[in-house]
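Heads up: numbering here begins at 1 and tracks the sequence. Read the numbers this way: they start at 1 and go in the same order the structure lists the ligands and their atoms.
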Amino acid sequence: MKSPSLLPLLLALLFPMVAIAADTPTFTLVLQNHRYVPNELRIPAQTRVKLEIVNKDPTPEEFESVDFPAEKIVMPNSTISVFVGPLKPGRYGFYGEFHQPTAKGTLIVE
Ligand SMILES: [Cu+2]
């Protein structure tokens with residue numbers, strides 16, 4: 001049987017998740033011709049951010065960094081989400097493991 005007294009509990013359980021999801025700053029990187037666009041992305045320091053990586057190329061790529069923990073495959077014509085940070089201010093390189101000569105970029109954390 002449903003009781004009205006459950007409502008505050010449900011709200012308390014659900015609302016923090018909604019608030020966290022809504023407050024996560026989100027940035028988009030597009031892979032096109034095996035390059036990241038933009039190849040420099042400014043994100044806020046000491047903040048967990050969500051990167052949406054859109055692969056417009058007809059081949060898979062792997063978003064990867066040695067400067068922060070990240071390694072995730074992006075299939076052709078697909079989008080993935082990667083959570084990054086919180087990071088200290090600075091410059092953090094990333095690359096596409098499958099096309100390293102061209103697919104490189106920098107997170108500028110400030
Ligand atoms: Cu890798």
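Judged by distance alone, the side chain of Y36 and the main-chain N or O of Q32 form no donor-acceptor pair under 3.5 Å. Remark: side-chain polar atoms of N55 are paired, donor with acceptor, to backbone N or O of D57 under 3.5 angstrom. Looking at K56, its side chain never comes within 3.5 Å of a backbone N or O of P76 through a donor-acceptor pair.
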Scan the side chains in residues 100-110 for donor-acceptor partners under 3.5 Å anywhere in the protein, sequence neighbours excluded, and list what turns up.
from: Q100; atom 1: NE2; to: E97; atom 2: O; distance (Å): 3.3
from: T102; atom 1: OG1; to: H34; atom 2: O; distance (Å): 2.7
from: E110; atom 1: OE1; to: R42; atom 2: NH1; distance (Å): 2.9
from: E110; atom 1: OE2; to: R42; atom 2: NH1; distance (Å): 3.4

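For the pair L31 and H99, the minimum side-chain heavy-atom distance is 4.5 Å or more.
Excluding water, every protein N/O/S atom under 2.8 Å from the Cu ion (ligand 1) is given here by residue and atom: E62 OE1, E64 OE1, E71 OE2, E97 OE1.
Ion pairing between R91 and E40 holds under the 4.0 Å rule for side-chain N and carboxylate O.
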